[in-house]
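Here is the structure we will look at, set down as structure tokens.
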Amino acid sequence: MSQTDQKQPTPTSVEGPAGPPAQRRPDPAAALRPRSLTQNSIPWWVGLVVLAAAAVLGAALSALISFSIALWLIFTAVSYVIISYVVTRTRVNRRKATDGFWKNLVYLAFIVALLPLVSVIWSVVSVGVPGLLEPGFLASDMRGIDGSIDQQSQEEGTAVLGGIRHAMIGSLLITLTATLISVPIGLMTSIYLVEYSRGGTLARAITFFVDVMTGIPSIVAGLFGAAAMGWFLSTANSLGLPLPSRSTMGITAAVALSVLMIPVVVRTTEEMLRVVPNELREASYALGVRKWRTILKVVIPTAISGIAAGVTLAIARVIGETAPILVTAGFVVYTNWNMFQGWMTALPVYIYRQFQNPTSPNFSDPSHQRAWAAALVLILIVMGLNLIARIIAALFAPKKTGR
Amino acid sequence: MTSSDEPQSSPTAVSTATRPQASSLRTSDSPGVFGDRVFSTLALLAGVTILVTLAFVALFLTANSTGAIHREEEGWIVGQFVEYAYPLVVGTLIAALIALVLATPVAVGVALYISHFAPPRLSKSIGYVIDLLAAIPSVVYGAWGMSFLGPALVPVYAWLHQYLSFIPLFSGSPSQTGRTILTAGVVLAVMVLPIITSVCREIFIQTPKLHEEAALALGATRWEMIRMAVFPFARAGIISGVMLGLGRALGETMAVTLVLSPGLLTASLISAGNSTIPAEIALGFPEAPPGSERQAQLIAIGLVLFIITLIVNMTARWIVSRHKEFSGAN
């Protein structure tokens, strides 16, 4: 303050007349103001001190019950929140304390949400990687693997035999068929909604029921697939058509998955078609191009990146579905390439069966190892698909300068 | 809706402009007219297919479930079915309720973190990380709950039983494997968390900047700003997010099937027992012979589940659409 007082003549002489000099003299209120702003905050290192105190307190409290890392972390978090509230409340004021309290809780919620993610990935990777590295895990199916082989590998440490070839082939076939069914229907529906309907009753009904369809439980979709195919086959058989009598086969699962997949495809592609600038359509019409050719040659190519990304996300969603395939396609131990005959295993169903009904009930470790490895493969597939979708969407996105 | 209306008007404008001089052009373009007609019919058919499919879902489930409430020799046996379905419905609701009670506060917190607390540059990638939770298949969650979470919760259940057994929820002998409805609820909570988070995040981000800045300019702290500007704006969005999460939790099959060791309906959350509709179907359906009464019974409870989730989801959508109209969010 004393330094600025001494330099005062120089700036005033440069700036010229700037008001009465009495105003520039430091009055007591102005001198207090900067200090009052910093007065109500606490130095940054207090947070660390509180954290250390909370850690010590947490360790003490958890030692009172029975010490474990989880318990220690919980007590540390709780005591950190409480202590920092009390410190801010006594040192600053109630409002700042409440603000800090809720801020801590929000950060805590984020950490709590990350815990299961880390835990799931850790549990899958830690058990799954050794199983994945077993020779022939990806290249063999479960034919000829029985309880005695698993018992031997658990007791004598021999290699865990058996693999997921049949399950991967089944998943691939079923998902591919479901995609072939859903993408045309979904894409054409969104074209109807965006290009043809004028917001009429039918369009509104479709939008509403697509929303409803997104919420169908996957098991109900499976029941529908089984019931519909059973009805269809019994009708066809009574008419004398040469069709299989049992509805348990790959195509039934594909139908069930389509029920889950169509709404996802409709919603994503509809969004993408709506982003296509109207100027493009109008330019095409102005050149005398028919509407259907405009849609095929202008609208869809412009939106293709978004559509591809949406379809990839839809595939990623249904490839992890277990329940509809379990009730429609069943499970077998050998590879089945035929979608229209016989039972078929998908990767999620394989995981489920290996956990729920281990090959050897008393020696379940090999089964669990296979299941975790299969889970790792499934997660890698799903996350890979998600990544591909994001890359497609980012790389081939249309330029938005037209808007 | 404007995007679909404008292209409609432009071709008619073009054709009326060209009509006087070149009527021969129009007559020679009959393949184009045909293509237009085929294409629009296909698009319409695809839309109708979806409605028909949904109608078929309801129809087939209803037709196949009549065996559960009516038999040739016994007549109507609605009472018997209700007796069978009631514990399953209650079990499903309990599991979903546990999931929501655990997930909602965390999800709102995470959404707030992403929208208002995290460094803006990071918030998008943090959103991706939370979306990863949704990318993990349900059967993997089930396996995780069965092999890791369940055993980890066994001491917690023992402690709850020791000190809180006067509450009916924690009475009964605690499970030694941790495969209880509470564990299933925790796993379901993890699974619905990303759904609620993403809905809440969307709506929190849409809060008018002016409201937030006005609150801050009046000297509100960040929490007071959130309470006064963000929450009133986002209330409907939070509710609908929770409803969507509820729909997911009600219909989730595999996680519950793997985690829970099913049994009769009990009030105790920490001992083995209870079951949910999806788990019952997943366990029973592969073993039920086609066309049997057992299969009809399972399809009937599937129909019950379908109706429950339908009501929940439609309520959620209704709240969202009602909110959209007056918020001016889009």
Side chain from CB out, backbone as N, CA, C, O: work out which of these in [X] comes under 4.5 Å of a heavy atom of chain B, or both, or neither.
X: A/Leu105; value: neither
X: A/Val120; value: both
X: A/Ala323; value: both
X: A/Leu114; value: side chain
X: A/Leu296; value: side chain
X: A/Ser119; value: both
X: A/Val266; value: side chain
X: A/Val259; value: side chain
X: A/Phe101; value: neither

Next on the checklist: Checking an interface table here. Which of residues 244-251 of chain B come within a heavy-atom distance under 4.5 Å of chain A?
Outcome noted: B/Gly251
When [options] are compared by non-hydrogen pairs under 4.5 Å with chain A, the top option:
options: B/Asp131, B/Thr49, B/Ile136; result: B/Ile136
options: B/Gly145, B/Gly302, B/Gly35; result: B/Gly35
options: B/Ala103, B/Ala143, B/Ser138; result: B/Ala143

Checklist entry - Which of parallel (below 30°), tilted (30 to 60°) and perpendicular (above 60°) describes A/Tyr107 and B/Tyr113? => result perpendicular
[atom1]/[X] to [atom2]/[Y] distance, rounded to the nearest 0.5 angstrom?
X: A/Trp292; Y: B/Thr41; atom1: CH2; atom2: OG1; result: 12.5 Å
X: A/Asn93; Y: B/Thr221; atom1: CG; atom2: OG1; result: 9.0 Å
X: B/Leu42; Y: A/Tyr196; atom1: CG; atom2: OH; result: 9.5 Å
X: A/Leu223; Y: B/Leu298; atom1: CG; atom2: CG; result: 7.5 Å
X: A/Trp231; Y: B/Asn64; atom1: CH2; atom2: CG; result: 11.0 Å

Counting heavy-atom pairs closer than 4.5 Å to chain B, which one of [options] comes out on top?
options: A/Gly100, A/Ala109, A/Pro348; answer: A/Ala109
options: A/Glu321, A/Arg317, A/His368, A/Met213; answer: A/Met213
options: A/Pro184, A/Gly320, A/Gly225; answer: A/Gly320
options: A/Val212, A/Asn386, A/Ile111; answer: A/Val212

Checklist entry - So which bits of residues 371-380 of chain A come within less than 4.5 Å of chain B, counting non-hydrogen atoms only? => result A/Trp372, A/Ala375, A/Leu378, A/Ile379
Checklist outcome for this item: Sorted by chain and number, sequence neighbours left out, salt bridge (charged side-chain N to carboxylate O under 4.0 Å, His left out) with A/Asp99 holds for none
Checklist outcome for this item: Sorted by chain and number, sequence neighbours left out, salt bridge (charged side-chain N to carboxylate O under 4.0 Å, His left out) with A/Arg95 holds for B/Glu224
Checklist entry - Distance under 6.0 Å and angle within 45° of the ring axis: does A/Arg390 meet both against B/Tyr128? => result yes
Checklist entry - Can you tell if the side chain of A/Leu202 reaches within under 4.5 Å of the side chain of B/Leu51, non-hydrogen atoms only? => result yes
Checklist entry - Salt-bridged, A/Lys291 to B/Asp36, with N to O below 4.0 Å? => result no
Checklist entry - With respect to A/Ile216, which candidate in B/Thr309, B/Leu54, B/Leu310 satisfies the side chain to side chain contact (heavy atoms under 4.5 Å, CB included) definition? => result B/Leu54
